[in-house]
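What follows is a short report on a single structure.
Naming: A, B, ... by sequence-line order, numbering from 1 per chain. Note that the structure is predicted; figures quoted are calculated from it, not measured.
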Amino acid sequence: MDSPFLLRKGVIKEVIPENENTKRFLIEVEEFPPFKPGQFNMLYVYGQGEVPISISSMRRDLVEHTVRLVGEVTEDLFSMKGGNIIGVRGPYGSHFPVELFRGFDLVLVAGGLGLADIKPVVEYVIGRREDYGRVYLLVGAKNPAGLLYRERYGEWMDEGIDLLLTVDRPEGSWEGHVGVVTDLFEFVDVDPQRTVGMMCGPEVMMYFTVRKFLEMGVEESRIFLSVERHMKCAVGTCGHCQFGYTFVCKDGPVFPYSRIKSIFGVREL
Amino acid sequence: MEKVVPKPEMGRLVDLLLERGYRVVAPVLKEGVILFEEVGSFSQVARCVTEKQDRGHYRVEKAEEWFGYVHGPNSLKHFLHPPKTDLLKVKPDLSQEVPIERKRYAFFGIRGCDIASLRILDKVFLGGFQDPYYAGLREGTFTVAFNCTRPARTCFCASVGTGPFVRGGSDLIITELRDSFLIRATTDEGKDVLEELDGREPKQRDYDEEKELEERSLSAMVRRVDTRDLPSKLLEKLESDVWEDVARRCLACGSCAMVCPTCFCYEVVDDITLDGSGSVRFRRWDVCFREEFSTIHGNPIRKSVASRYRQWLLHKFSYWVGQFGELGCVGCGRCITWCPVGIDITEEVKRLLSDG
Ligand SMILES: Cc1cc2nc3c(=O)[nH]c(=O)nc-3n(C[C@H](O)[C@H](O)[C@H](O)COP(=O)(O)OP(=O)(O)OC[C@H]3O[C@@H](n4cnc5c(N)ncnc54)[C@H](O)[C@@H]3O)c2cc1C
Ligand code: SF4
Ligand code: SF4
Ligand code: FES
């Protein structure tokens with residue numbers, strides 16, 4: 001019986017700054033197992049600890065993670081450069097089940113760093129674009145600098161993704177939409193009976209986004225959200241990630257709304 | 001296989017287990033408290049005492065019966081999922097070693113609730129991802145369980161179906177009769193041991209006496225919880241005022257979770273050597289009553305004590321069923337006895353059910 005805490009060795013190949021407090025890491029991990037959009041890894045910094053981080057790209061040559069600086073472990077990660085090694089274990093958790101919805105319209109919604117979790121879905125869809133109907137990507141951020149992966153937007157639109165952007169606070173030369181991400185639903189034109197919603201972002205943002213989908217008439221079991229909780233083990237035994245009757249690390253992080261309806265939005269749960 | 005054995009044979013039973021290489025864990029009396037500890041002979045085992053337990057209250061008294069007590073604050077969890085366990089030894093180049101301890105325990109003098117707690121912990125640590133640290137301590141466990149004839153005032157095992165008489169598997173199950181023990185072996189390992197004890201076939205009057213004891217035990221149980229549809233009923237009480245009310249009394253000390261035989265939560269910590277040449281990742285018990293337990297990005301999700309008490313109670317009586325298919329509470333009453341302010345989980349469940 002192998003220990004679930006054993007780490008794979010990851011060699012950092014490239015570090016790409018996204019903005020002031022966000023960096024993208026490309027990591028070489030030998031024989032990293034197949035994974036699906038929306039899954040995450042535990043990243044370990046020697047002597048410091050582990051943090052759960054979403055896999056932010058479907059690419060297979062290197063494992064991509066997008067990390068925001070918030071505390072001790074992420075600070076150590078931020079000081080790392082090409083050639084440094086970190087521990088990686090995963091992939092863990094449930095995924096956005098896009099493969100089940102060929103022929104459907106997709107509305108993908110990301111708030112801030114949540115785009116790191118949604119980007120693999122976009123890449124997956126682009127890989128088989130003709131399998132899907134209309135595909136919207138709604139992205140909201142605090143300010144223009146919070147819009148991640150901007151160099152990719154042109155390519156995504158060329159590949160048939162309807163990309164809509166908004167910021168809370170316009171800065172610099174911003175001429176786009178200003179407001180919360182749910183405002184963008186006004187521009188979405190899909191058949192609710194054949195629509196799937198997928199989202200990742202702060203819990204309030206997801207709360208209002210779910211309401212939008214429900215108002216549109218999208219079925220509860222076709223609205224998917226990625227929940228965040230404190231995690232220590234990622235294998236369902238440390239208890240930290242409990243969210244009501246679920247463990248976010250193994251039953252989630254991606255849940256259909258129908259599964260968590262009675263607990264989602266309850267304060268301090 | 002069943003046998004009625006004279007009382008002094010109990011010492012032989014412990015010797016037999018020791019001879020077979022088991023580490024025998026049994027209740028011992030220590031500074032006025034009954035604790036499970038490793039013993040080297042039967043003479044160390046707590047005998048002829050009983051306990052007076054109530055909310056926030058625990059006292060040991062002399063008694064006629066040998067095993068007319070239930071349990072003190074610690075439980076089998078302390079042995080199978082110890083307070084601290086090393087998980088991984090790591091070097092800066094990320095070479096790793098997995099330190100797995102193997103121990104073969106015989107748990108002597110445990111109760112129906114303890115047997116149930118084994119089944120529950122097995123589901124947590126072996127039901128999904130396999131936890132080799134737990135498995136190393138759990139594999140080959142031998143159990144000698146006693147049917148409870150003198151439940152404490154804090155016990156409510158009958159409500160959750162785990163006692164007072166043992167349900168489900170134990171290698172040996174023992175009922176203490178007036179001047180002998182009625183012993184049942186339910187596994188091959190159990191039979192093997194029982195065969196070596198002196199004794200005789202049980203007679204009808206032994207069964208009659210046992211039946212009487214069981215009835216006395218059941219009627220002595222003062223606390224109960226109505227478990228019918230409890231998980232879903234409690235889910236409707238997430239916004240109840242009861243939580244605020246408990247929070248005014250609860251110190252968020254976490255004693256309840258520490259003494260609970262099924263509470264399994266832990267945190268993982270790195271212990272790096274001063275010169276940085278090696279780090280040991282270990283786990284240690286954690287409790288949902290700590291604010292940091294749920295913290296993400298510096299903000300606790302469960303900020304109020306009310307929300308943390310709700311997590312604890314709902315985990316035991318509701319969430320657990322969704323997570324593992326059965327209740328997380330075995331009705332042992334430890335959390336009631338050892339709460340410094342005397343909060344009684346059965347009372348709180350009652351109040352929730354009658355609220356609104
Ligand atoms: C499924 C999942 C996917 C995530 N994906 C990303 C991502 O793609 N990019 C990203 O930047 N962040 C992501 N996060 C959040 C990230 O895990 C935290 O920001 C990170 O753990 C903070 O660690 P720290 O040591 O820097 O912070 P500190 O505040 O100094 O330390 C907090 C400590 O708490 C623990 N912790 C465990 N889980 C969390 C958590 N969820 N949030 C905060 N602390 C936690 C860690 O051990 C951490 O060391 C994700 C979280 C989850 C649950
Ligand atoms: S919740 Fe209380 S009564 Fe139930 S198993 Fe835990 S300690 Fe025992
Ligand atoms: S219920 Fe009692 S034992 Fe549990 S945390 Fe509150 S004060 Fe402590
Ligand atoms: S992170 Fe440990 S149980 Fe989910």
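With salt bridges taken as basic N to acidic carboxylate O contacts below 4.0 Å, one links Glu291(B) and Arg308(B). The pair Glu18(A)-Lys23(A) does not count as a salt bridge, with every side-chain nitrogen at least 4.0 angstrom from each carboxylate oxygen. For Lys119(A) and Glu64(A), the salt-bridge test passes: some basic side-chain N is under 4.0 Å from an acidic carboxylate O. Electrostatic pairing of Arg222(A) and Glu220(A) does not count as a salt bridge here, judged by no charged N lying under 4.0 Å from a carboxylate O. Salt bridge Arg310(B)/Glu348(B): absent, no basic N to carboxylate O contact under 4.0 Å. Taking 4.0 Å as the cut-off between side-chain N and carboxylate O, Asp122(B) and Arg119(B) do not count as a salt-bridged pair. Salt bridge annotation for Arg283(B)-Asp86(B): absent, with no cationic side-chain nitrogen under 4.0 angstrom from a carboxylate oxygen. Note on Lys103(B) versus Glu101(B): salt bridge recorded, some NZ/NE/NH1/NH2 to OD/OE distance being below 4.0 Å. Comment: Glu326(B) engages Lys123(B) in a salt bridge, judged by a side-chain N to carboxylate O separation of less than 4.0 angstrom.
Between chain A and the residues Ser279(B), Gly322(B), Pro300(B), the largest count of heavy-atom pairs under 4.5 Å involves Ser279(B). Counting heavy-atom pairs closer than 4.5 Å to chain A, the top-ranked of the candidates Leu314(B), Val90(B), Ile100(B) is Val90(B). Of the listed residues (Lys250(A), Arg8(A), Gln48(A), Met231(A)), the one with the most heavy-atom contacts under 4.5 Å to chain B is Gln48(A). The candidate with the highest count of non-hydrogen atom pairs below 4.5 Å against chain B, out of Gly244(A), Gly236(A), Cys233(A), is Gly244(A). With chain A as partner, the option from Gln130(B), Glu239(B), Gln96(B) having the largest number of non-hydrogen pairs under 4.5 angstrom is Gln96(B). Contact count versus chain A (heavy atoms, under 4.5 Å) is highest, among Val124(B), Asp131(B), Asp93(B), for Asp93(B). Contact tally against chain B (heavy-atom pairs below 4.5 Å) for Asp2(A), Val266(A), Ile86(A): the top residue is Val266(A). The most heavy-atom pairs under 4.5 Å with chain A, out of Gly298(B), Gly127(B), Cys263(B), Pro132(B), come from Pro132(B). Taking chain A as the reference chain and counting heavy-atom pairs below 4.5 Å, the highest number among Cys288(B), Gly278(B), Ser318(B) is found for Gly278(B).
There is no side-chain donor-acceptor pair under 3.5 Å between Ser258(A) and Ser221(A). For the 3.5 Å distance criterion, the side chains of Ser262(A) and Tyr245(A) qualify, holding a donor opposite an acceptor. A donor and an acceptor atom, one from each side chain of Asn19(A) and Thr22(A), are located under 3.5 Å apart.
For Leu269(A), the parts lying under 4.5 angstrom from a heavy atom of chain B are both the backbone and the side chain. For Gln323(B), the parts lying near chain A are the backbone and the side chain together; criterion is any non-hydrogen pair under 4.5 Å. With a threshold of 4.5 angstrom between heavy atoms, His81(B) does not approach chain A through any atom at all. Residue contact with chain A, scored on non-hydrogen atoms closer than 4.5 Å, involves the side chain of Arg281(B) exclusively. Looking at Glu236(B), neither its backbone nor its side chain comes within 4.5 Å of chain A, counting heavy atoms on both sides. Contact annotation for Glu203(A): neither backbone nor side-chain heavy atoms come within less than 4.5 Å of a heavy atom of chain B. In this structure, the portions of Ile301(B) lying under 4.5 Å from any heavy atom of chain A include both its backbone and its side chain. Both the backbone and the side chain of Arg302(B) come within contact range of chain A, with heavy atoms under 4.5 Å apart. Interface residue Ser294(B): only backbone heavy atoms are found under 4.5 Å from chain A. Only the side chain of Tyr133(B) comes within contact range of chain A, with at least one heavy atom under 4.5 Å from a heavy atom of that chain. In this structure, no portion of Asp251(A) lies under 4.5 Å from any heavy atom of chain B. Thr237(A) touches chain B through backbone and side chain together, each having a heavy atom under 4.5 Å away. Heavy-atom distances place the backbone of Arg267(A), and not its side chain, under 4.5 Å from chain B. Only the side chain of Leu235(B) has a heavy atom closer than 4.5 Å to any heavy atom of chain A.
By the 6.0 Å contact criterion, NZ on Lys81(A) is open, its count of non-hydrogen atoms from other residues, nucleotides or ligands being 12 or less. Atom CD of Glu292(B) sits in a crowded spot, with more than 12 heavy atoms from other residues, nucleotides or ligands closer than 6.0 Å. Lys36(A) NZ: 12 or fewer foreign heavy atoms inside a 6.0 Å radius.
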When you look at Trp243(B) and Ser304(B), which way does the side chain to side chain contact (heavy atoms under 4.5 Å, CB included) test go after all the steps?
CA-CA 10 Å; Trp243(B) 306 119; Ser304(B) 66; over 6 Å; no
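Using a 4.5 Å cut-off between non-hydrogen atoms, the part of residues 88-96 of chain A that approaches chain B consists of Tyr92(A). At a heavy-atom cut-off of under 4.5 Å, chain A is reached by Phe264(B), Cys265(B), Tyr266(B), Glu267(B), Val268(B), Asp270(B), Ile272(B), Gly276(B), Ser277(B) from residues 264-277 of chain B, listed in order of number.
A distance-only check finds a donor-acceptor pair linking the side chain of Ser159(B) to the backbone of Val225(B) [under 3.5 Å].
You'll find the side chain of Thr162(B) stays beyond 4.5 Å of the side chain of Ile115(B), heavy atoms only.
Pairing each heavy atom of Tyr46(A) with each of Tyr44(A), the nearest pair is CA-CE2, 3.5 Å.
Aromatic pair His240(A)/Phe293(B): centroids less than 6.0 angstrom apart.
Relative ring orientation between Tyr22(B) and Phe142(B) is described as tilted, the plane-to-plane angle lying within the 30° to 60° band.
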